[in-house]
*Asks:* 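Got a structure for you, questions after.
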Amino acid sequence: MIPCQRELFDIPDGINYLNCAYMSPLLRLAVEAGTAGMARKIRPWEITQDDFFNQSEELRGIAARLFHCSASDVAIVPSASFGLSTAALNLRVGRRQSILLLDEQFPSNVYPWRRLVEKTGSKIVTVGWPKDYDWTSAVLREINDGVAIAALPHTHWTSGGLLDLEKIGETCRRHGTALVLDLTQSLGAYPVDIQNIKPDFAVAAAYKWLLGPYATGVMYVAPERQRGIPLEENRVVRDNSRDFSSLVVYSNEYHPGARRFDMGERSNFALLPAVIHALEQILTWGVEEISRTTGALTSKIIDDTKELGMAAPPGCFRAPHYLCLRSSVPLPQNLTKELAAKGIYVSVRSTSLRITPHVYNSERDADQLVRVLRTVLRKT
Ligand SMILES: Cc1ncc(COP(=O)(O)O)c(C=O)c1O
């Protein structure tokens, strides 16, 4: 278990922040690294040509350790939607085929597929909400030879349900179904092993569980997809880009691996140092340990709220770091406001109360939340 790490963040006394799935706070040292990076442009004459490459390669290497892949399989992206749109641009779906999504899937992993369906005359099949929370079995039942693409999350963002991606990946391969993953609500907080899942594309926005700044993210691209078409054509990913004097000797080739899929201006001197620091810190804590530590807090909250008629998915189907409590009665409309008035920050998503702690939280935070929930819910 990781002892409470609050001192590494700048969270004032009286704030009980249980909303990492919305947006994580930045680490103090990530802010310092980002501020120093931003200040570099005060003196652009000190920014060298190598600087356009070195930090990007460093980020690729660190992200690869989280994905368990090679650095060359990682692209640098600004958002989950950028990565998912890249996948949609590169995958084929026949007129009689379908694309598989989940009920209440996050919009960034819906709209690119709607566009592809419009273009190809194919259709979307939506996996219905399983009453027993077993999203994995519900997905496995729907995969067949007619499914060209399964575009799925790891953690279902409004239920906290966890998908068994290894099982799903294996079934997709048997049916020739391409697998595209949105890992935004899991990478960094729950172990992911790309080698065992073998997706075609897997993206994570970094501003939640990767503790990065907004507008940063990383994407895994399978080696067999690395000859594809980038969403943006940028000069820095072309194979001659290190020679700034010959950029107008236009090249048809890219740097190897997933680099061709990098966003334009990926060498962001302000943002990359902050993401690099955050990912290094996550690797120092260890993803398994983060999962165990946050899982202990959410389990405690489940136990302590049982008497309030709040239900969570069963442990075997639930992402440990991500708790969505469904109430048997409608939640009061101003619940998040009432909690915020006491310094407690959580979210309401769909009909559940979403509680997502990180290593800056402690048992005291869990106890305070339960105490205040008892008062607020009993009042209504
Ligand atoms: C499941 C999931 N995916 C992706 C995102 C972010 O998407 P984007 O980076 O496209 O804004 C969120 C944000 O809440 C999310 O919950």
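Sequence positions, counted from 1, serve as the residue numbers for this chain. We count ligands from 1, going down the list as the structure has it; atoms in each ligand are counted the same way. All values below were derived from every heavy atom in this structure, side-chain atoms included, with hydrogens, water molecules and symmetry-related copies excluded.
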*Asks:* Just need the protein heavy atom nearest to atom 6 (C) of ligand 1, so name the residue and atom and give the distance.
*Replies:* F106 CE2, 3.7 Å

*Asks:* Heavy-atom distances under 4.0 Å decide this one: backbone, side chain, both or neither, for S108 against ligand 1?
*Replies:* side chain

*Asks:* By number and element, which atoms of ligand 1 are closer than 4.0 Å to a non-hydrogen atom of Q185?
*Replies:* 1 (C), 15 (C), 16 (O)

*Asks:* Between D367 and K300 (salt bridge meaning N to carboxylate O under 4.0 Å), is one present in this structure?
*Replies:* yes

*Asks:* Apply the salt bridge (Lys or Arg N to Asp or Glu O under 4.0 Å) test between E170 and each candidate in R174, R173, K167; give the one that qualifies.
*Replies:* R174

*Asks:* Around atom CZ of R115, are there more than 12 heavy atoms of other residues, nucleotides or ligands at under 6.0 Å?
*Replies:* no

*Asks:* Judged by modelled atom types alone, do T294 and H321 share a side-chain donor-acceptor pair under 3.5 Å?
*Replies:* no

*Asks:* Where's the contact between Y111 and ligand 1, heavy-atom distance under 4.0 Å: side chain, backbone, both or neither?
*Replies:* neither

*Asks:* Tell me, please: is K208 in heavy-atom contact with ligand 1, that is, under 4.0 Å?
*Replies:* yes

*Asks:* Test your reading of the structure: does W157 have an N or O sitting under 3.5 Å from an N or O of ligand 1?
*Replies:* no

*Asks:* Hey, can you tell me if W129 and H156 have their rings parallel, tilted or perpendicular (30° and 60° cut-offs)?
*Replies:* perpendicular

*Asks:* Ring centroids only, cut at 6.0 angstrom: are F82 and F261 within range, meaning strictly under it?
*Replies:* no

*Asks:* Please classify the A205 to ligand 1 contact at 4.0 Å (heavy-atom distances, strictly less than): side chain, backbone, both or neither.
*Replies:* side chain

*Asks:* Quick one: do the R60 and S72 side chains pair a donor with an acceptor below 3.5 Å?
*Replies:* no

*Asks:* Does any N/O atom on A80 come nearer than 3.5 Å to any N/O atom on ligand 1?
*Replies:* yes

*Asks:* Regarding atom 1 (C) of ligand 1: of the candidates N109, D182, V77, which has the closest heavy atom?
*Replies:* D182

*Asks:* Is it true that Y22 lies under 4.0 Å from ligand 1, counting heavy atoms only?
*Replies:* no

